[in-house]
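Notes follow once the structure below has been shown.
Chain letters run A, B, ... following the sequence lines, proteins first and then strands; every chain starts at 1.
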2 protein chains.
Amino acid sequence: MNSTQSNPKAGDGAATIDELITPALLLDEGKLERNIQRLANHVGSFGVVLRPHMKTAKSIDVARRIYPDEPGPITVSTLAEAEYFAGYGYKDITYAVGASPAAAVRGLELCCRTGANVKFLIDTLEQADALGEAGQKTGITPSAFIELDVDDHRGGLKPADPILVAVADRMKAAGVELAGVLSHAGESYALNTREALVAAAENERAATVQAAELLRARGHACPIVSIGSTPTAHFAENLDGVTEVRAGVYMFFDLVQHGVGVCAIDDLAISVLATVVGAKPDKGWILVDAGWMALSRDRGTSSQEIDQGYGIACDEQGQVYDDVIVSQASQEHGILAIRPGSTKSMPELPIGAKVRILPNHACAMAAQHDFYSVVDGKSPAILAHWTRMRGW
Amino acid sequence: MNSTQSNPKAGDGAATIDELITPALLLDEGKLERNIQRLANHVGSFGVVLRPHMKTAKSIDVARRIYPDEPGPITVSTLAEAEYFAGYGYKDITYAVGASPAAAVRGLELCCRTGANVKFLIDTLEQADALGEAGQKTGITPSAFIELDVDDHRGGLKPADPILVAVADRMKAAGVELAGVLSHAGESYALNTREALVAAAENERAATVQAAELLRARGHACPIVSIGSTPTAHFAENLDGVTEVRAGVYMFFDLVQHGVGVCAIDDLAISVLATVVGAKPDKGWILVDAGWMALSRDRGTSSQEIDQGYGIACDEQGQVYDDVIVSQASQEHGILAIRPGSTKSMPELPIGAKVRILPNHACAMAAQHDFYSVVDGKSPAILAHWTRMRGW
């Protein structure tokens, strides 16, 4: 358990969950390992690299579960994450947010200091120029992906956009290396059938490979063809032409991913441990000391077939209570109630009793906490406290 | 500017907002001072104590703007806040979340260590017993409010509930001091007319005073009559029988409070500074590097007359862009777009340009950050960096 060293004070040394100050973020190590292995096996079966996105876990201890021997390729959502992981020897880092001029300089300065290779994301001529200028300023040759838009989700160029080749040409002129093309099928989160997910994965693959081939036909090497989202990564049946897959939330999973159909409830690796602090029997409410500060304001399941409120409630050992959800949340209060339409009844939970709350969105819940208290299954033992990094 | 000392590294010493790493949390000192003064004047005009809720700001530097001379009475939402402020000499602290047995012990241990007087909140016989036991364990006489429910919002007893006197009797038997009665008109956030807000304030006052009088008639001293929410605190026209008012978000204000009718947009004291990192001109989108990690997932205005998305966009100096909101947010991306139904057009914002985003909910936005970069009006100068505490 070398991982406790990252912050020996986290969790105030609690040895069991009964000793934890609540609300507290729990991480089930067995489920984490299982989730990591599952996607590694699936992507590995195609002979393709998996480049995990560290934005969900933001923890060197979780990264060590993925790369027990030596640092491997990672994706990050902030330059602070890049700096954090570079400090632990990670060198092959994709910064998957469109580069601003200031970010380009800061990222390249990190490369100077640590020998890391930070790869940027761009989709405009202006960004190619800005990266080129940052390269001249720092004396480092910048490397960048051209971001593709495969499903109208957010940023990026359509594979057929004439600007695509123009950006690659401008990169060459500005002294910026073309790392490859990169896409993210973010709209796959809105799907919930196997058929639709397989189709979204194939669309992501085909569109990204198409762009890579177009660039190669125009004289650009385009070595990396990077795709990924947790749903499409799991449902991909063909990765021809793809060189790497990115995914993040697959390590922990959450109720949104469950609603999409990517995981079972039993796969969810994180939860918030909370204490009962009150009740309103006439309303069927039990109040706990976990509000949105601990659970996050994320209501990702509200647009899905089953709205899980602010999360599903389980007993202290992680066994789901039938149809008990966090129906409302204020800053430090959560209200447990029976799901609308259910005929189940509330469990008996005296003041001081503990519950675990499963997340709508693991990235958002985890971001509200500074460390994980690591558990395994139903055992109350805390195996380690793993810190998270934060900020930008 | 003694306040920079709390963390000289915060903001990496940026002297102007152009030097800040984005996304960054800005706090306008002039607006903060004005908001603090406004409620102090209003509550003071009734000769009643204002006990600010520190859950919004979580910062000793903000507390010093309220209490420049010496620490005064405060409200907190976590025992970590109580410990933090006790470390700066604050002694009169109300912990406004229902007490669990573990919280009772921890709060009283803080009293032992620091001489602070932490007042708890209870509404059950079991909590009275638990507090009594914690008192025996620590050798400190616990002090607690009975929590009242004046508008079906969350926890607390109805003023006419027969349990009310039973809880006070049990406290006496268990050796727990009755600090008084406490209510929070949380449903006032759902109102938006002067008439309704004045009525909610009067209902909160009358119900709370009624409970205090009932307890006094039954032989309990009940010295403190504590009410409060930011809307009702501002709209109260009569505080007869009330001894103190609590409020928190009034220091910063936000778009939810604007929608309720408590403040003008120009009163909003915090915002997130973000950088433009992309655009989708065909969709009318501008992408910025502030997603829900920086803005929070709070969508409090979605149930109000005007839905402000994930916040209103302003230029770098804080001037509101007409009808430009953050229409979508992912972890580190925000999408600026024109509000649905508006005929305005998007401003020209090249990559690298800065914007400020105003919060739906100040408590939630601020919680995503570790420090405030303090500014004043349109000036780019950063006057100080004030750290925030977090955790439980």
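Partners of Asp161(A) under the salt bridge (Lys or Arg N to Asp or Glu O under 4.0 Å) rule, at least two apart in sequence or in another chain, do not exist in this structure.
Checking side-chain atoms of Lys280(B) against main-chain N and O of Leu157(A) turns up no donor-acceptor pair under 3.5 Å. Put simply, the side chain of Gln127(A) never gets that close to the backbone of Ile351(B): no donor and acceptor are under 3.5 Å apart. Looking only at distances, a side-chain donor or acceptor of Gln331(B) sits under 3.5 Å from a matching main-chain atom of Lys55(A).
In terms of heavy-atom pairs under 4.5 Å with chain A, the best-connected choice from Gly300(B), Gly98(B), Pro23(B), Gly155(B) is Pro23(B). Taking chain B as the reference chain and counting heavy-atom pairs below 4.5 Å, the highest number among Asp298(A), Leu287(A), Ile335(A), Asp289(A) is found for Asp298(A). Listed options Met293(A), Gln328(A), Arg299(A) were ranked by heavy-atom pairs under 4.5 angstrom with chain B; first place goes to Met293(A). Between chain A and the options Ala103(B), Ala130(B), Gly156(B), Ala99(B), the largest number of non-hydrogen pairs under 4.5 Å is found for Gly156(B). Heavy-atom pairs under 4.5 Å with chain A were tallied for Asp123(B), Leu79(B), Ile122(B), Asp149(B); the largest tally goes to Asp149(B). The greatest number of non-hydrogen atom pairs below 4.5 Å with chain B, out of Ala279(A), Gly278(A), Ala294(A), is found for Ala294(A). Ranking Thr124(A), Asp152(A), Leu121(A), Thr22(A) against chain B, the residue ahead of the rest is Asp152(A), based on heavy-atom pairs under 4.5 Å.
Looking at Thr78(A), the atoms closer than 4.5 Å to chain B (heavy atoms on both sides) all sit in the side chain, from C-beta outward. Looking at Gln368(B), both its backbone and its side chain come within 4.5 Å of chain A, counting heavy atoms on both sides. Both the backbone and the side chain of Ser77(B) come within less than 4.5 Å of a heavy atom of chain A. For Arg106(B), the part lying near chain A is the side chain, with the backbone staying farther off; criterion is any non-hydrogen pair under 4.5 Å. Using a 4.5 Å cut-off between heavy atoms, Ala96(B) contacts chain A through its backbone alone, with no side-chain atom that close. Heavy atoms of Ala102(B) lying under 4.5 Å from chain A are absent altogether.
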| After noting the C-alpha distance and the side-chain angles of Tyr95(A) and Glu332(B), does the key distance pass the side-chain contact (heavy atoms from CB on, under 4.5 Å) rule? | CA-CA 11 Å; Tyr95(A) 169 51; Glu332(B) 300 291 352; over 6 Å; no
| request: Apply side-chain contact (heavy atoms from CB on, under 4.5 Å) to Tyr189(B) and Ser330(A), showing your working. | output: CA-CA 12 Å; Tyr189(B) 280 53; Ser330(A) 41; over 6 Å; no
| request: Under the side-chain contact (heavy atoms from CB on, under 4.5 Å) rule, what do Arg390(A) and Arg390(B) come out as? Steps first, then yes or no, please. | output: CA-CA 12 Å; Arg390(A) 70 186 234 116; Arg390(B) 71 186 233 116; 3.0 Å; yes
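To the nearest 0.5 Å, the span separating CG on Asp370(A) from CG on Asp370(B) amounts to 7.5 Å.
Summarising the geometry of Trp392(B) relative to His369(A), their closest heavy-atom pair is CZ3-ND1, 3.5 Å, with the distance given to 0.1 Å. Gly352(B) and Pro101(A) make their closest contact through CA-CD, 3.9 Å (heavy atoms, listed as atom of the first residue, atom of the second, distance). The minimum heavy-atom distance between Ser100(A) and Thr275(B), with the atom names listed, is CB-CG2, 3.7 Å.
The number of heavy atoms from other shown groups lying within 6.0 Å of NZ (Lys137(A)) does not exceed 12.
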